[in-house]
Amino acid sequence: MKVGVFDSGIGGLTVVKSLLDKKLFEEIVYFGDTARVPYGSKDKNTIIRYGIEAVEFFKNFELDLIIVACNTVSAYALDEMREAATCPIIGVVQAGVLATSNAVKEKSSHILVIGTKATVNSKAYELGLNTEGFQSLQTKATPLFVPLVEEELYEGAILNAALSHYFCDIEAPDALILGCTHFPLISKALQEYFGEKTLLIHSGDAIVEHLQEKFHLDKKYEESKLSFFASENPEALRKIAQKWLYE
Ligand code: DGL
């Protein structure tokens with residue numbers, strides 16, 4: 001099994017980490033559009049165009065599956081990408097909805113979704129969660145977390161100021177959907193902020209669950225061959241991947 005993993009930048013590496021932990025693929029080809037990140041402040045047509053370009057890039061490899069490890073792209077561009085692709089494509093939003101539905105048994109639970117402006121404006125999570133029967137939903141765009149993660153500020157005064165800025169009038173939810181693949185890197189700080197009772201839903205774990213449930217992937221590969229591509233400065237991406245995935 002050979003899979004392509006796509007994100008606007010480095011956030012999708014958190015999904016790669018989950019795939020590696022479960023040894024689901026023989027080969028993983030990662031593409032981060034580092035020259036054009038962030039996608040979260042861009043409009044729908046631009047996000048769709050970038051998504052289709054990523055599909056074209058992946059045609060250089062004979063892939064069995066493409067994982068869109070970017071909530072922003074998953075929220076807007078999956079249909080168009082599927083039309084352009086020659087292999088199946090799955091996205092983290094749909095997987096996140098499914099994972100929430102599996103993990104949160106009480107439909108009246110209060111669920112907070114955080115993500116980029118584009119993801120929040122798309123209402124993709126709300127639509128999916130409503131279909132699953134959840135009614136008590138709140139969304140909050142938290143775009144500042146993206147550059148903080150890119151700067152590796154996973155803790156400290158600047159992150160704490162951003163947490164208070166976004167959440168000072170928000171009560172701790174029963175479940176918090178990390179609707180941006182950058183956010184698992186600050187999950188410790190988010191968990192501390194909201195407390196142990198809040199369940200965090202992570203796109204990487206959600207994708208693994210989705211693959212196991214819908215694609216019945218049960219074979220384990222001892223080693224996965226990994227290659228990294230970026231639209232700008234691939235060396236920087238490789239370095240950060242080395243750090244995030246193996247240290
Ligand atoms: N990693 C992207 C996501 O999951 C967000 C970063 C961006 O704004 O490009 O939505």
*What is the distance from atom CZ of Phe183 to atom CD1 of Ile177, rounded to the nearest 0.5 Å?*
12.5 Å

_Looking at Lys197, I'd like to know if its NZ atom is crowded, meaning that more than 12 non-hydrogen atoms belonging to other residues, nucleotides or ligands lie closer than 6.0 Å._
no

*Hey, are Arg49 and Glu80 close enough for a salt bridge, meaning a charged N less than 4.0 Å from a carboxylate O?*
no

*To the nearest 0.5 Å, tell me how far Leu24 CG sits from Tyr221 OH.*
9.5 Å

_Quick check on Ile158: does its CD1 atom have over 12 non-hydrogen neighbours (other residues, nucleotides or ligands) under 6.0 Å away?_
no

*asked:* Is the distance between the ring centroids of Phe31 and Phe229 under 6.0 Å?
replied: no

*Could you tell me whether a side-chain N or O of Ser224 sits under 3.5 Å from a main-chain N or O of Phe25, the two making a donor and an acceptor?*
yes

*How would you list, by chain and number, every residue that makes a salt bridge (charged side-chain N to carboxylate O under 4.0 Å, His left out) with Lys140, sequence neighbours excluded?*
none

*Please identify each residue that fulfils salt bridge (charged side-chain N to carboxylate O under 4.0 Å, His left out) with Glu192, with sequence neighbours left out.*
Lys188

*asked:* Ignoring hydrogens and geometry beyond distance, is a side-chain donor-acceptor pair present between Asn71 and Ser74 at under 3.5 Å?
replied: no

*Quick one: do Ile10 and Leu237 satisfy side chain to side chain contact (heavy atoms under 4.5 Å, CB included)? Show the steps, please.*
CA-CA 7 Å; Ile10 57 177; Leu237 175 80; 3.5 Å; yes

*Under 3.5 Å, is there a donor-acceptor pair linking the side chains of Ser203 and Thr181?*
no

*asked:* Treating Ser8 as the side-chain partner and Asp33 as the backbone partner, does any N or O pair qualify as donor plus acceptor under 3.5 Å?
replied: no

*Verdict with supporting geometry, Val29 and Asn60, side chain to side chain contact (heavy atoms under 4.5 Å, CB included)*: CA-CA 11 Å; Val29 180; Asn60 294 303; over 6 Å; no

_Taking the side chain as everything from C-beta on, heavy atoms only, tell me whether Asn102 gets closer than 4.5 Å to Glu213._
yes

*Any link between Leu78 and Ile67 through a network of hydrophobic side chains (Ile, Leu, Val, Met, Phe, Trp, Tyr) touching at under 4.5 Å?*
no

*asked:* Is the ring pair Tyr166/Phe145 parallel, tilted or perpendicular, if the boundaries are 30 and 60 degrees?
replied: perpendicular

_Just verifying a value: how many Å separate Leu211 CG and Leu65 CG, rounded to the nearest 0.5 Å?_
6.5 Å

*Straight-line distance of Leu137 CG to His110 NE2, nearest 0.5 Å*: 8.5 Å

*Any side-chain heavy atom of Ile114 sitting closer than 4.5 Å to one from Phe167?*
yes

*CD1 of Ile89 to CD1 of Ile66: how many Å apart, nearest 0.5 Å?*
4.5 Å

*Decide yes or no for Ser18 and His202: does some side-chain heavy atom of the first lie under 4.5 Å from some side-chain heavy atom of the second?*
yes

*Yes or no on side chain to side chain contact (heavy atoms under 4.5 Å, CB included) for Thr116 and Tyr39, after CA distance, side-chain angles and deciding distance?*
CA-CA 8 Å; Thr116 65; Tyr39 281 14; over 6 Å; no

*Angle class for the His210/Phe215 ring planes (parallel below 30°, perpendicular above 60°, tilted otherwise)?*
tilted

_Heavy-atom count check: over 12 atoms from other residues, nucleotides or ligands less than 6.0 Å from Lys2 NZ?_
yes

*Taking everything shown except Glu155 itself, do over 12 heavy atoms lie less than 6.0 Å from its CD?*
no

_Starting from Leu176, can I reach Val146 by hopping between I/L/V/M/F/W/Y residues whose side chains sit under 4.5 Å apart?_
yes

*Charged tip of Lys107 within 45° of Phe134 ring normal and under 6.0 Å*: yes

*So, Arg238 side chain and Phe228 main chain: donor-acceptor pair closer than 3.5 Å or not?*
yes

*Within the distance-only criterion (no hydrogens, no angle test), does the side chain of Gln191 pair as donor or acceptor with the backbone N or O of Thr198 below 3.5 angstrom?*
yes

*State which residues pass salt bridge (charged side-chain N to carboxylate O under 4.0 Å, His left out) with Lys42; sequence neighbours excluded, sorted by chain then number.*
none

_Side chains of Val3 and Met1 in contact at under 4.5 Å (non-hydrogen atoms)_ = no

_Close side-chain approach of Leu148 and His182, heavy atoms under 4.5 Å_ = no

*From CA spacing to verdict: side chain to side chain contact (heavy atoms under 4.5 Å, CB included), Leu98, Thr100*: CA-CA 5 Å; Leu98 187 83; Thr100 308; over 6 Å; no

*asked:* Please tell me whether Val37 and Leu185 are part of a single hydrophobic cluster in this structure, the criterion being side-chain heavy atoms less than 4.5 Å apart.
replied: no

*Calculate, to the nearest 0.5 Å, the distance between atoms CG and CG belonging to Asp205 and Leu19 respectively.*
10.0 Å

*Between Phe58 and Phe6, how do the two ring planes meet: parallel, tilted or perpendicular, split at 30° and 60°?*
perpendicular

_Glu232 vs Arg36, salt bridge (charged side-chain N to carboxylate O under 4.0 Å, His left out): CA-CA, chis, key distance, verdict_ = CA-CA 9 Å; Glu232 184 181 85; Arg36 303 191 290 199; over 6 Å; no

